[in-house]
Amino acid sequence: MHQISFRQHSLHDCPAPAKLNLFLHINGRRADGYHQLQTVFQLVDHGDTLHFDLRADGLVRRTTIVAGVPEEIDLIVRALRLLALEFARRHGRPAPGVDVAIDKRLPMGGGLGGGSSDAATALIAVNHLWQAGLDRAELMALSLPLGADIPFFIFGENAFAEGVGEQLQAVTTRDCWYVVIEPGVAVPTAAIFSSEDLTRDTKPVRIADFSRHLVIQTDRKGFGKNDLQPVATRLFPPVAEAVRWLSSYGDARMTGSGACVFCAFSSELEAEAVLAKVPQVWGGWKAQSLQRHPMHALLQVGRVIE
């Protein structure tokens, strides 16, 4: 249970959970170069933690140094500056400003949605802190130009996603535990999606197909596949090694465009037993599935700060 620390001028200990792609199918490519895909996004109780403090000067600042991510290009900062512009448009005066600190746990280039989740948590928290007045759909629309994964985290529930990942329907998933391996490489998403070897013609499925699989399948075998996995494992051998090792314990697969690899287990004890055997050359952790984002209830319209 996440305990968010709230004071009048600050919000601390705000979780930004990781996501797993339980499957990821590429159905085609649009004229603008973006890929049509289908996936199920699964929230888990492992991620980054963010802290927010109001400023009086209208600036949006990240107070934590994040290796390899300058403040000006950080999705958190870019998202909050968009929110500040929208605040000014709606209320006719500048937004109050905010300092953002982050306890970073999720790796970059891992396929866990870390940067997108951070940005989503920032938008939910600061919309509340500023009392900017945007509802869930408005925050999702505001964030979409920054990345298709951000609206999912604002949506706040496990979701069947289509389009470029922005068309979301809530879906019920299994309550289980996951072991996640970080193979120690960062996989650039563009390198995977631009590969000539990428399968782009997987037959579309329906949300009912996924839900039916959960009922029929008595073991932990996952639905569908990850079309990006063959490309990533060929280009990044550590990802292939992690998939191969974890597959001896269940239906292991890559999340997103990589590099992280996961496998589902029925109990925490099962997950712990496998986690204890993960080779030391890799990072690894266990996480429980979530049905809702821990910040879900915070997103509501309220008064505006005077």
Side-chain angles (χ1 to χ4, degrees), residues 1-19 45-108 110 112-136 138-147 149-154 156 293-306:
M1 185 72 177
H2 298 275
Q3 195 67 39
I4 300 167
S5 174
F6 175 74
R7 296 183 181 85
Q8 184 177 3
H9 299 293
S10 66
L11 268 176
H12 287 185
D13 305 308
C14 297
K19 60 83 178 168
D45 69 343
H46 179 94
D48 300 336
T49 304
L50 282 73
H51 314 279
F52 305 92
D53 294 283
L54 287 180
R55 296 176 64 106
D57 57 8
L59 297 178
V60 172
R61 297 301 307 270
R62 189 191 71 194
T63 60
T64 306
I65 295 173
V66 179
V69 185
E71 181 180 355
E72 291 301 308
I73 67 169
D74 193 316
L75 277 177
I76 296 170
V77 174
R78 293 167 62 198
L80 291 182
R81 287 179 177 165
L82 281 181
L83 182 61
L85 289 173
E86 179 61 17
F87 183 102
R89 187 189 70 80
R90 290 184 178 215
H91 305 301
R93 54 190 172 82
V98 69
D99 279 335
V100 184
I102 178 169
D103 303 328
K104 192 73 184 157
R105 297 172 78 190
L106 298 177
M108 289 181 285
L112 299 169
S116 295
S117 186
D118 293 344
T121 288
L123 285 171
I124 294 168
V126 176
N127 181 63
H128 180 88
L129 202 53
W130 288 349
Q131 294 295 294
L134 279 73
D135 64 22
R136 193 178 310 278
E138 290 168 334
L139 270 189
M140 289 170 65
L142 182 78
S143 70
L144 180 59
L146 297 178
D149 284 357
I150 305 177
F152 157 68
F153 288 105
I154 297 171
H293 194 293
M295 299 279 287
H296 190 273
L298 195 68
L299 188 50
Q300 58 192 29
V301 177
R303 65 178 183 83
V304 176
I305 293 174
E306 298 298 339

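Counting begins at 1 with the first residue of the sequence. FYI, side chains are in, hydrogens and waters are out, and symmetry mates aren't considered; it's all heavy atoms of this structure.
The backbone N or O of A18 sits nowhere less than 3.5 Å from a side-chain atom of H46 that would complete a donor-acceptor pair. Distance alone, capped at 3.5 Å, is enough to place a donor-acceptor pair between the D48 side chain and the R105 backbone. Put simply, the side chain of T121 gets close to the backbone of P15: a donor and an acceptor are under 3.5 Å apart. The backbone N or O of R93 lies less than 3.5 Å from no partner atom in the side chain of H91, so there is not a single donor-acceptor pair.
Under the side chain to side chain donor-acceptor pair (under 3.5 Å) criterion, R55 pairs with D57, D99, sequence neighbours left out. Residues that satisfy the ring-ring contact (aromatic ring centres under 6.0 Å, His included) test with F152, not counting sequence neighbours, are F41. Scored by the side chain to side chain donor-acceptor pair (under 3.5 Å) test, R61 finds E71 as partners (sequence neighbours excluded). Residues satisfying the salt bridge (Lys or Arg N to Asp or Glu O under 4.0 Å) criterion with D53, sequence neighbours excluded, are absent altogether. Evaluation of the side-chain contact (heavy atoms from CB on, under 4.5 Å) rule for A79 yields A119, L123, L146 as partners, not counting sequence neighbours. In this structure, the side-chain contact (heavy atoms from CB on, under 4.5 Å) partners of A120, at least two apart in sequence or on a different chain, are I150, F153, I154. Contacts of A101 classified as side-chain contact (heavy atoms from CB on, under 4.5 Å), with partners at least two apart in sequence or in another chain: H51, T63, T64. Taking the salt bridge (Lys or Arg N to Asp or Glu O under 4.0 Å) definition, one finds that R81 meets it with E72, sequence neighbours left out. In terms of the side chain to side chain donor-acceptor pair (under 3.5 Å) criterion, R78 has no residue partners (sequence neighbours excluded). R136 pairs by the salt bridge (Lys or Arg N to Asp or Glu O under 4.0 Å) definition with nothing, not counting sequence neighbours.
In this structure, the separation between CG on L139 and CG on L134 is 5.0 Å, given to the nearest 0.5 Å.
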So D13 and D103, side-chain contact (heavy atoms from CB on, under 4.5 Å) or not? Walk me through it. CA-CA 9 Å; D13 305 308; D103 303 328; 5.6 Å; no
Verdict with supporting geometry, L54 and W130, side-chain contact (heavy atoms from CB on, under 4.5 Å): CA-CA 8 Å; L54 287 180; W130 288 349; 3.3 Å; yes
Could you walk me through whether I124 and H296 pass the side-chain contact (heavy atoms from CB on, under 4.5 Å) test, one step at a time? CA-CA 8 Å; I124 294 168; H296 190 273; over 6 Å; no
Show your working on side-chain contact (heavy atoms from CB on, under 4.5 Å) between V77 and V100 and close with a plain yes or no. CA-CA 9 Å; V77 174; V100 184; over 6 Å; no
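Nearest heavy atoms, A132 versus R90: O-CD, 4.2 Å. The two residues A125 and F52 make their nearest non-hydrogen contact at CB-CE1, 3.5 Å. A pairwise comparison of heavy atoms in L50 and A16 identifies CD1-CB, 3.9 Å as the closest pair. When all heavy atoms of N127 and L83 are compared, the pair lying nearest together is N-CD2, 3.7 Å.
By the neighbour-count criterion of 12 heavy atoms within 6.0 Å, atom CD1 of I65 is sparsely surrounded, having that number or fewer from other residues, nucleotides or ligands.
S117 places none of its side-chain heavy atoms less than 4.5 Å from the side chain of K19.
Applying the salt bridge (Lys or Arg N to Asp or Glu O under 4.0 Å) test to pairs two or more places apart or on separate chains, those with a residue in residues 116-130 are K104-D118.
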